[in-house]
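Contents: one structure, followed by commentary.
Keep in mind that what you see is a predicted model, and the values were worked out from it rather than measured.
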Amino acid sequence: MTGFLHYLTLPELLRGALIALEISALALLIALPLALVIALTRASRNRAIRWSVGAYVWIMRGTPILLQLIFLYNVLPVWGIRMSAFTTAVVGLGLNEAAFSAEIIRGGLAAVNKSQLDAAASLGLSPRLTLWRVQVPQALRVVVPALANEAIAMVKNTSLTSVISVSELTMRSEQIVATNFEYVSVFGGAAVIYLFATTILVGVQRYSERRLDLDVQYQKRLSGSRSLLGSLAGRLQRRPVTISVPDQVASDEEATPSGPVTLNLDAEIYARYRDEVRRTARRRTGTPSAVVEVTALHKSYGDVKVLSDINLTVAHGEVLCILGPSGSGKSTLLRIIDGLDGINDGAAVVNGVHLSRRTSEMSRTRRRLASRERLRAGAAIVFQQFNLFQHMTVQQNLIEAPTRVLGINRAVAVEASQMLLREVGLAGYENRYPHQLSGGQQQRVAIARALALAPEVMLFDEPTSALDPERVGEVLRVMQQLALGGMTMVVVTHEIAFARECATRVVFMDEGVIVEEGTPDQLFGSPREDRTRTFLSAVVGS
C-alpha cells in the first residue's frame, strides 16, 4: 500500500499526467471547431466539397489512430513537414477526434425540429443567426453526453502517443516498471491518476447538463434573477386603449396574474415601438391599398400540383379567412406569402415587397436576403404547432428578432414584450419556458411574438387545430380582438364561427385552386358551388 501511494504522488507520473491533459485540451481546441465546420460542410450543396469532407471522415474513422500518429510523425518529414512529438500528438489526436465529433454534432443539428428553423426564418433570422441562436443551443442538449465521452476517450488515447516518444503518463509508467518491476504499484497508481482526470471531465459534463436543463434554469431565475426584469413592470402602467369584445371566454385553468385577456394595447408604448420597428426595417410608409397581392401563383412538388393559378388580394385592415379540406394547399399558400416556401411560377407581394422565390432560388444566400425582405414587408406568421424556441424563455422568444435582427434597444424591446404579454393575459410568465405552458398559453405567446414584429399583416396557419377544445377559446378571443383593432389578417382555419363573426371575406379552396370567395353572409348563407356546399354541410353538419 505504501508503494502504491508513493507512485500515486510521484512527481514524474504527475508530470506525465499533466502532459496527457495538455495534449487532450489542445487537441479538443482543434477538434471541436473543426468538427462543427465539417458537420456543416457535409450538408453543402456543392457535391465536390461534400464528398471531399465525407472522404476525410471515412479515412479518419476507418483507420487506427496509432497508424495515423506514425504517419504524421514519420511520413510528413519526408514531404518537408516537420513537427515535434508533442505537436504531432496534438494535431493527430485533434484531426482524428474532429471526424468523430463531426458526426455527433451533425446528428445533434439534424435533431433540431424543422419547425424551429421555420420559426427562425419567419422572424427574419439569417442562416448564421439561426445556427448560433437556435440550432447549436438546442443541439447541445443532445450532444453534450456524447462529446463528453469523446473527451474522456481523448485523455485515454494520449497513451497511444508513446509510440512517437511522447513522454506522457503511460510511457513514464512503463519506464519506471522497466527498472523496478513493480507492476501493480506503478500501473495501479497510473490508473488512479487517469481515473481522477476523467472524473473531472465527468464533473464538467454534469455541470454542462445542469446548465442546459431548462427547469433548473427556471428555478434559478425564480430564486433571484428576476429582479432586473421585474423592475420594469412598474414602468408599464400607461394609458390603455380598451377594445371591448363580447362573449368573453374563460381563461386558463391556471389563473394568470393579469386576469382575463382584454388586449388593452398601450397606445404610447406600442406606437413608439411600432415606429421604431418600421424605421429600422425600412418599411414602406403610408397605407397601401393592398397589403397582400398573390398573382398567377403555381406550386408543385415534383409531379404533384399543390397550387394552381392562385390570384388573391388582401386589403389593408381586411380579415381574410381561408377554408378548405386538408391537403387543399391552404397552409402552403400561407407559407409562400411569408416567403418560407418556393414557387414554380407567379408572385406573392406583401406591402410592396416580393417575398416569393422560385424553388431553384431558395439557396442559403437567397434565404439571407429573404430574411431582411420579410421584415421590410412586415409579414408575421403564427404556426399551427406554436414553434416557440424551446430553449428560450417566453420573453427571450419575444425579443429575439427585434434585438438580434433589427438591432432595437433591448430595454425598449423588453418594455414592449412585457406590455404584449400583459395584453394576451400572460403577465408574469416572461421567465417560463414553452414546455411549462399549456397549449393555449403557448399559442398566445406565439401571437405576442408575432406582434413583437409590429406586423403589417398577420398570417395564422390553423392556430387552434393543435389545441384541446377547451383551449380554443383563449386563442380565438385574442384573434377576435386583433380583428376588431384593425389588424390585417389572413387566417387558415376550420373555425366556422370565427370566420362568420370576424372575417370580412372568406375564401374556399380545394385541390389547390380557389373554388369560391365572398363575404361571410354570402359564402355561408348561399354558396354558389356544389363543392363549397358539400364542405360546409360536412363541417357545420347542416
Side-chain angles (χ1 to χ4, degrees), residues 213-243 245 248-270 272-273 382 386-403 408-454 463 467-468 470-482 485:
D213 189 315
L214 301 182
D215 290 317
V216 170
Q217 294 307 307
Y218 174 66
Q219 292 302 323
K220 285 184 177 180
R221 288 173 184 272
L222 284 182
S223 64
S225 61
R226 292 190 306 177
S227 57
L228 178 60
L229 296 179
S231 66
L232 295 171
R235 298 167 56 191
L236 299 177
Q237 303 303 318
R238 311 287 191 191
R239 300 182 299 276
V241 179
T242 304
I243 303 175
V245 179
Q248 293 289 333
V249 185
S251 60
D252 290 296
E253 74 277 13
E254 181 183 355
T256 62
S258 58
V261 180
T262 55
L263 207 64
N264 301 325
L265 284 177
D266 188 307
E268 182 181 343
I269 293 177
Y270 196 69
R272 184 174 68 248
Y273 174 76
V382 177
F386 325 135
N387 292 9
L388 298 175
F389 298 134
Q390 297 300 308
H391 63 296
M392 296 183 184
T393 64
V394 167
Q395 181 164 270
Q396 288 169 342
N397 267 275
L398 266 64
I399 69 173
E400 181 68 14
T403 57
I408 289 176
N409 181 274
R410 181 180 177 86
V412 173
V414 167
E415 183 181 43
S417 71
Q418 296 241 355
M419 180 270 296
L420 290 171
L421 288 175
R422 186 176 70 249
E423 306 314 337
V424 297
L426 293 174
Y429 281 60
E430 58 272 3
N431 289 324
R432 295 201 183 188
Y433 289 93
H435 75 275
Q436 297 172 325
L437 305 178
S438 69
Q441 290 170 333
Q442 289 190 61
Q443 194 62 294
R444 281 189 278 155
V445 172
I447 293 173
R449 184 175 69 175
L451 286 171
L453 296 176
L467 303 178
D468 295 334
E470 59 184 5
R471 298 286 162 256
V472 170
E474 305 166 5
V475 175
L476 289 181
R477 183 175 65 252
V478 175
M479 293 172 63
Q480 285 176 333
Q481 294 162 356
L482 286 172

To the closest 0.5 Å, what do you measure between [atom1] ([X]) and [atom2] ([Y])?
X	Y	atom1	atom2	value
Gln441	Arg432	CD	CZ	7.0 Å
Gln442	Tyr429	CD	OH	12.5 Å
Arg272	Glu415	CZ	CD	5.0 Å
Leu451	Met419	CG	CE	8.5 Å

Any residue meeting side-chain contact (heavy atoms from CB on, under 4.5 Å) with [X], in chain and number order, not counting sequence neighbours:
X	result
Leu214	Arg141, Tyr433, His435
Val412	Tyr273, Ile408, Asn409
Ala454	Tyr270, Arg274, Val277, Arg283

Test log, rule side-chain contact (heavy atoms from CB on, under 4.5 Å), inputs Thr393 and Glu430: CA-CA 7 Å; Thr393 64; Glu430 58 272 3; over 6 Å; no
Check whether any side-chain heavy atom of [X] sits under 4.5 Å from a side-chain heavy atom of [Y], and report yes or no.
X	Y	answer
Leu426	Val394	no
Pro434	Asn397	yes
Gln443	Val382	yes
Val445	Val424	no
Gln395	Gln418	yes

Measure across [X] and [Y] and return the closest heavy-atom pair with its distance rounded to 0.1 Å.
X	Y	value
Leu467	Pro463	CD1-O, 3.9 Å
Thr403	Arg410	CG2-CA, 3.9 Å
Gly440	Val475	O-CG2, 4.0 Å

Side chain to side chain donor-acceptor pair (under 3.5 Å) against Asn387, all qualifying residues, sequence neighbours excluded: none
Partner residues of Glu400 under the side chain to side chain donor-acceptor pair (under 3.5 Å) criterion, sequence neighbours left out: Arg133
Donor-acceptor pair, side chain of Glu474 and main chain of Arg444, under 3.5 angstrom: no
